[in-house]
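To start, the structure itself, in structure tokens.
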Number of protein chains: 2
Amino acid sequence: MQNISLDTLFELSEFFKFFGDTTRIRVIHLLLSGEMSVSAIAEKLNLEQSVVSHQLRILRTANLVKPTRDGRKIYYALDDEHIGEIFNTGLAHILHKKKG
Amino acid sequence: MQNISLDTLFELSEFFKFFGDTTRIRVIHLLLSGEMSVSAIAEKLNLEQSVVSHQLRILRTANLVKPTRDGRKIYYALDDEHIGEIFNTGLAHILHKKKG
DNA sequence: TGTATATATGAATTGTTGTTCATATATTTA
DNA sequence: TAAATATATGAACAACAATTCATATATACA
């Protein structure tokens, strides 16, 4: 295998943490279909607004999502093409395991 | 996007959690090169034996690694081809972001 | 069978993280 | 500019997870 620094491995684990929470993975899943406002996300996922905002801040700080303001609303979109790829690779694993 | 059940999304986030810890990601990285005994892993990563054992139990319970006993030693290997794929996809993202 | 070696595990502790609640900020419109 | 709407954020709390330390189990070998 490649020689990967401790630092990079740490960053990698930090990166995967973003996918390791139900709320965040649901948000990510939702945004795979396209951008959506905070209130729309909250309504669609049946979550409190502040829960969504807090988690969006985490994703935004990590540059996994990016906001665009339109009037009072702020639309969030996935910021990186890799996100969907990682999501789908994990999903493939889960579904594969389900079948046995 | 596909219609994914809440249950599956939960499982997916649980799955990514395994990658979201430095110790575990280091173990996974190590095992990408092939199987290795507990003591060898601990020595290579400069970690206490019990730390490694505890984390291996988590990975084993989730069927991410599988043990094979040979005498007193127990060799652990990655149990699934997807593991490396997910690891590398995440790594590609990290390295890509580093370059900017 | 007693001792050494390899690994696993339980309990306690500590650090981290997600949610809740209250409130602040920003934007629009009356 | 006041009120309404949309989003963000800080603090407190609760739940969870990782490590440490002590010890248990399993295997090999003298």
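Here the structure is a predicted model, which means the values were calculated and not measured. Labels below follow one simple rule: chain letters A, B, ... track the order of the sequence lines, proteins then strands, and each chain is numbered from 1.
- Hydrophobic clustering, with ILVMFWY side chains joined whenever heavy atoms are under 4.5 angstrom apart, groups B/L95 together with A/I86.
- Note: CD1 (A/I74) to C1' (C/dT28) measures 14 Å, nearest angstrom.
- With rounding to whole Å, B/E43 atom CD is found 10 Å from C/dA6 atom P.
- Rounded to an integer number of Å, the gap from A/L47 CG to C/dT19 C1' is 10 Å.
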side-chain contact (heavy atoms from CB on, under 4.5 Å) assessment of A/L47 paired with A/R26: CA-CA 11 Å; A/L47 293 169; A/R26 290 176 74 202; 4.2 Å; yes
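- For the pair A/D70 CG and D/dT7 P, the computed distance is 11 Å after rounding to whole Å.
- In this pair, B/H82 and A/H96 present their aromatic rings perpendicular. The plane angle is above 60°, beyond the 30 to 60° band.
- Connection of A/I41 to A/L32 is established within a shared hydrophobic cluster, with ILVMFWY side chains joined at heavy-atom distances below 4.5 Å, either directly or through further cluster members.
- For the pair B/Y76 and C/dA8, the criterion of a side-chain N or O lying under 4.0 Å from OP1 or OP2 is met.
- In this structure, the nucleotide among D/dC29, C/dT7, C/dT27 sitting nearest to the side chain of B/R72 is D/dC29.
- By the rule that hydrophobic residues join a cluster once side-chain heavy atoms approach within less than 4.5 Å of another member, B/Y75 and B/L64 end up as members of separate clusters.
- Near DNA chain D, meaning a heavy atom under 4.0 Å from it, residues 7-25 of chain A has no residue at all.
- Near DNA chain D, meaning a heavy atom under 4.0 Å from it, residues 48-60 of chain B has B/E48, B/S50, B/V51, B/H54, B/Q55, B/I58 in order of number.
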